[in-house]
Amino acid sequence: MKKLITIVALVALMLPGSLKAQDEVKIGKQNIKLTSNLMTPEALWAMGRIATAEASADGKQIVYQVGYYSVKANKSQQKIAVINADGTGNTTLTTGSKSETDPTWINGKIAFLTGGQLWTMNADGSDRKQISKTSKDIEGFKFSPDGKQVILLHSIDFNESIKKNPDDLPKATGRLVTDLMYRHWDHYVESIQHPFVYEVNSDGIAENGTDILEGEPFECPMEPFGGIEQLAWSPDSKTIAYTCRKKTGRAYAISTDSDIYIYNIGTRETKNLCKPADYVEPEVDPTKTMKYQKVNAEENLVNNVGYDQNPQFSPDGKYIAWTSMQRNGYEADRNRLCVYNLATGEKKYVTESFDSNVDAFVWSDSKDVMIYFIGVWHATENLYAVNWKGELKQITDTWDDFGSISLMNNGKQLLMERHNYTSPADLYIVTPNFKKPEKTEIVQLTFENKHILDQLAKPTIQQRWVKTSDGKDMLTWIILPPNYDPNKKYPTLLFCEGGPQSPVSQFWSYRWNFMIMASNGYVIVAPNRRGLPGFGQEWLEEISGDWTGQCMKDYLSAIDDAAKNLPYVDKEKLGAVGASFGGFSVYYLAGHHDKRFKAFIAHDGAFNLESMYTDTEEVFFSNWEYDDAYWNKDQTANATRTYEYSPHKFVDKWDTPILCIHGEKDYRIVYNQGMGAFNAARLRGIPAELLIFPDENHWVLKPQNGILWQRTFFNWLDRWLK
């Protein structure tokens, strides 16, 4: 659940399968003229959204994907653009009405997806050629280094948890469910992805596909967020490394134990790199927490029983690196970087001195650096490097979030995406200096939304360290309205982060956007409360099994500090807002705020934790976070406290207007949670509204729904805080 971050949201918008109905609408860059210098929902949705980017082999050009949105048509179109490495020659190559996605370089040409098939074109957009004619749509691809083979992702029928309806009842809509994981994120699981290896003939056509998981009922990449980054080619093009959690049904629902496998193209043999051949998985009670594995810490590292994902071969083909979590069932465990020696089978964890997550990485060609990676520390996502000796250095130190990383110019430079609270994603070229990080150069390459941002006044961003109730220091972001007057008092919002273990770093969101909140005249207080990464694993783990303890005290410490010590904060006009765990936080604070707040907004939040335990699809999450099933009589003290302090048990203390928002296709936190909270508030006679989206999941992805969300959000706050 912690992966509910902006970048993942953008990727979800760009999946080829979600764009089939948009072929008739041609949507391009919006050169809008604003009537004021304050951010509006319409300005947000007019912005282009940069995604996939890759440098050419010679480092002279970059190809990237950018999405544009039409509120009127309620649709989007993904386009492909190229730009020279010196920032000149920025050209959009997509000229038709169909979306084109996933651009990459192959033999000097650009390969991409459109209409569910694989195409190539020249770097100037000419000589377009369809190079696949598969019966199933292609949902991702990756060429071998020698260009003679290509991995294509296809969906195949899957009936492990949902029985196929009888052939003589073709119009029957019922689903007979026989096991868990019958739905995931926002869809019923009646198909899964498999990677197929195709030969590329002398004419450049992909043919003769082979399913590398043929006959296996397991998904690859993994739902719900995995993509082609979960597979990798060896430099000699003879083997494929892939990520897979080889489980189905109940076993899948209670486990995060995915592994890295090697598939030999010639022999079609598969080897698990994470576990020895004689490994036997321990039997567990599926309704009990898996925290017992903390006792076997070293054994867990040997057997890789947590999430292992996103393999990459070293340039010389001697090693594979991947991100690795230590414990099974704990999705927010520290993401280590594991390096595997293919000759000896030795594993080495090279980022142990970094007490936070490795979020993305790339092998280096430099003799000084083994791997570059992105990680969060003190509420920013910056660039780090580790050498073969295990020496780790921070390469950049800015109030920004870097979101992606790849090599360019023969490894001398890095192509990266960067964003912050006042700037959406753009591409940057970083020339790192491992020996003298302060001499690292960062040059902005694209200026996708400069024509809009130049019309807007920016808010002021501040860091503030706040003392918590237990005497610790907590970093809190303070965001002030554009052109704020320090002598004026402003209504103020406490931002409650989701996850529950996602960072309050310098993210850019098209919904939870601090710039638009500030532009509407609000001060935002955004604390990095207990449970957030970037402050050490001890700080991160203080939330599991204690959702209503210190983390809630941290929220109140942050807003009390602001009300007492920041003269521009109007302590009589405070609100609390949040989504997911942030929504849960709002529901809990509604019964425990001692009249601090005058308005609440909860989006997709858990309200009744007993119901949530069996409602959610990924049972491992509630097993770990709650410690136990609610029906077990011998449950831990943490579990007892969790259920006793569920927000729904304190509705009798609710006294403040509340807006509840939920999507009916949200299978992570099911919409009955939001409806239950709204119904309870109204039965109590408390002013309340419910914004329900029948066609949205845990996020809000459609343009008109996005506009409606923003208008409803600010109408509610203005009503009670202004």
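- Neither side chain, D157 nor S191, offers a donor N or O lying under 3.5 Å from an acceptor on the other.
- M47 has its side chain within reach of L453: a pair of non-hydrogen atoms, C-beta onward, lies under 4.5 Å apart.
- For the residue pair S132 and Q117, a side-chain donor N or O sits within less than 3.5 Å of a side-chain acceptor on the partner.
- No side-chain donor from either of T114 and E100 sits under 3.5 Å from a side-chain acceptor of the other.
- At a threshold of 4.5 Å between non-hydrogen side-chain atoms, the residues F218 and I192 do not count as touching.
- Within the 3.5 Å criterion, the main-chain N or O of K412 finds no donor-acceptor partner in the side chain of N409.
- Between the side chains of S509 and N513, no donor N or O sits under 3.5 Å from an acceptor N or O.
- A donor-acceptor pair under 3.5 Å links the side-chain atoms of Q77 to the main chain of K98, judged by distance alone.
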Go through it in stages, so that I can follow the logic: the residues are E42 and R711, the test is salt bridge (Lys or Arg N to Asp or Glu O under 4.0 Å), and I'd like the CA-CA distance, side-chain angles, deciding distance and then a yes or no. CA-CA 10 Å; E42 291 75 14; R711 290 179 182 175; 2.9 Å; yes

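- The closest side-chain donor-acceptor pair between E219 and H194, if any, does not fall under 3.5 angstrom.
- In this structure, W512 and F713 have perpendicular ring planes: the angle between them is above 60°, well past the 30° mark.
- Results of the ring-ring contact (aromatic ring centres under 6.0 Å, His included) test with W699 over Y510, W185, F693 single out W185 as the only residue that passes.
- Side chain to side chain, W322 and N310 fail the donor-acceptor criterion of an N or O pair below 3.5 Å.
- Aromatic ring pairs are classed by plane angle as parallel below 30°, tilted from 30° to 60° and perpendicular above 60°; the pair F507 and Y421 is perpendicular.
- Y64 pairs in a side-chain hydrogen bond (donor to acceptor under 3.5 Å, both in side chains) with only one of the listed residues (T446, N90, T52), which is N90.
- In this model, a donor atom of one side chain and an acceptor atom of the other lie less than 3.5 Å apart for Y252 and R245.
- Residue Q61 holds its CD atom at 10.0 Å from CG of D86, rounded to the nearest 0.5 Å.
- Using a 3.5 Å distance cut-off with no hydrogens or angles, the side chains of N705 and D695 do pair a donor with an acceptor.
- Residue pairs meeting the salt bridge (charged side-chain N to carboxylate O under 4.0 Å, His left out) criterion with at least one partner in residues 144-153, sequence neighbours excluded, do not occur; the list is empty.
- Between F196 and Y198, the two ring planes are tilted [angle within 30° to 60°].
- For the pair I110 and T104, the minimum side-chain heavy-atom distance is 4.5 Å or more.
- Looking at T239 and N264, their side chains never bring a donor and an acceptor atom within 3.5 Å of each other.
- For the atom pair OG of S56 and NZ of K109, the computed distance is 14.5 Å after rounding to the nearest 0.5 Å.
- With contacts defined as side-chain heavy-atom distances shorter than 4.5 Å, the pair T380/V376 does not qualify.
- There is no side-chain donor-acceptor pair under 3.5 Å between E664 and H662.
- Looking at L153 and P221, their side chains come closer than 4.5 Å, going by heavy atoms from C-beta outward.
- A donor-acceptor contact closer than 3.5 angstrom links the side chains of D400 and N420.
- If you check the side chains of Q309 and S258, you find no donor sitting under 3.5 Å from an acceptor.
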List the steps, then state whether salt bridge (Lys or Arg N to Asp or Glu O under 4.0 Å) holds for K164 with E190. CA-CA 9 Å; K164 189 175 181 180; E190 294 171 292; over 6 Å; no

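- Checked by atom type and distance alone, the side chain of N357 pairs as donor or acceptor with a backbone atom of N335 at under 3.5 Å.
- For K29, the NZ atom sits in a packed shell: over 12 heavy atoms of surrounding residues, nucleotides or ligands are nearer than 6.0 Å.
- Listed for the D211 side chain is a donor-acceptor partner under 3.5 Å among the backbone atoms of L213.
- Atom OH of Y182 is surrounded by 12 or fewer heavy atoms from other residues, nucleotides or ligands within 6.0 Å.
- Side-chain contact annotation: D186 with N697, donor-acceptor N/O pair under 3.5 Å present.
- Stacking of R268 on the aromatic ring of Y263 is not recorded, the 6.0 Å distance cut-off and the 45° axial limit not both being met.
- Between Y69 and R49 there is a side-chain heavy-atom pair separated by less than 4.5 Å.
- Judged by distance alone, with hydrogens and angles left aside, the side-chain atoms of H184 form no donor-acceptor pair with the main-chain N or O of R668 at under 3.5 Å.
- No side-chain heavy atom of S126 sits under 4.5 Å from any side-chain heavy atom of M121.
- Taking CD1 of I516 as the start and CD of Q710 as the end, the distance is 4.0 Å to the nearest 0.5 Å.
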Show, in sequence, the C-alpha distance, side-chain angles and deciding distance for K665 and E696, and conclude whether the salt bridge (Lys or Arg N to Asp or Glu O under 4.0 Å) test is met. CA-CA 5 Å; K665 294 184 72 177; E696 299 286 5; over 6 Å; no

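- Without hydrogens or angle criteria, Q193 side chain to M222 main chain gives no donor-acceptor distance under 3.5 Å.
- Looking at heavy atoms from C-beta onward, Q149 lies out of side-chain contact with F143 at the 4.5 angstrom threshold.
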